[in-house]
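Quick note: numbers below take in every heavy atom, side chains included, and nothing from hydrogens, waters or symmetry partners.
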Amino acid sequence: MSFILIRKYTSEIYVFFRPDCPYCQKSIPVLNKSLTEKERNKIIYVNVLDESGKNLAKAMGVEKAATAVIYHKDKNSGGWSKRIERMAG
């Protein structure tokens, strides 16, 4: 995952996970360790085993756990863009 995007341009980050996902278990601690507390506060964790988590994942185009959806604001246009990144696997 691009930590530069999180640090400089991001307003919202959704991390979709499953508690039993080995990729999530490895990736999330690495992500959290590499960010400051302020940066970690930008992350919204979504459990895809919960009904509301499944619905949100579907609405955002997420197909698997260990996926981050990063929304960031374009400095030039002021518009928002969405980037979907697999964290592992």
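Minimum heavy-atom separation, Val48 to Ala65: CG2-CB, 4.2 Å. Nearest heavy-atom pair, Val46 versus Gly53, reported as atom, atom and distance to 0.1 Å: CG1-CA, 3.5 Å. Taking all atoms of both residues into account, the shortest heavy-atom contact from Cys21 to Ala66 is SG-CB, 4.2 Å. Closest approach of Met87 to Ser27, counting heavy atoms only: CE-CB, 3.5 Å.
Once rounded to the nearest 0.5 Å, the distance linking CE of Met60 with CG of Asn55 reads 12.5 Å. Rounded to the nearest 0.5 Å, atoms CG (Asn32) and CD1 (Ile43) are 5.5 Å apart. The CZ atom of Arg83 sits 14.0 Å away from the OH atom of Tyr71 when rounded to the nearest 0.5 Å.
Ile44 and Ile84 fall within the same hydrophobic cluster, defined by Ile, Leu, Val, Met, Phe, Trp and Tyr side-chain heavy atoms under 4.5 Å apart, directly or through other members.
Within the 4.5 Å cutoff, no side-chain heavy atoms of Ile70 are placed close to those of Lys82.
Pairs passing the salt bridge (charged side-chain N to carboxylate O under 4.0 Å, His left out) check and including a residue from residues 49-63, sequence neighbours excluded, do not occur.
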Mind listing the side-chain donor-acceptor pairs of residues 13-20 below 3.5 Å, one per line with the distance, residues two or more places apart or on another chain?
unit_1 : atom_1 : unit_2 : atom_2 : d
Tyr14  : OH     : Glu12  : OE1    : 3.1
Arg18  : NE     : Asp20  : OD1    : 2.9
Arg18  : NH2    : Asp20  : OD1    : 3.2
Arg18  : NH2    : Asp20  : OD2    : 2.8

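Judged as a side-chain hydrogen bond (donor to acceptor under 3.5 Å, both in side chains), and not counting sequence neighbours, Asn47 has no contacts.
Thr67 contributes a side-chain N or O that, together with a main-chain N or O of Lys64, makes up a donor-acceptor pair within less than 3.5 Å. Side-chain N or O atoms of Arg40 include one that pairs as donor or acceptor with a backbone N or O of Leu35 at under 3.5 Å.
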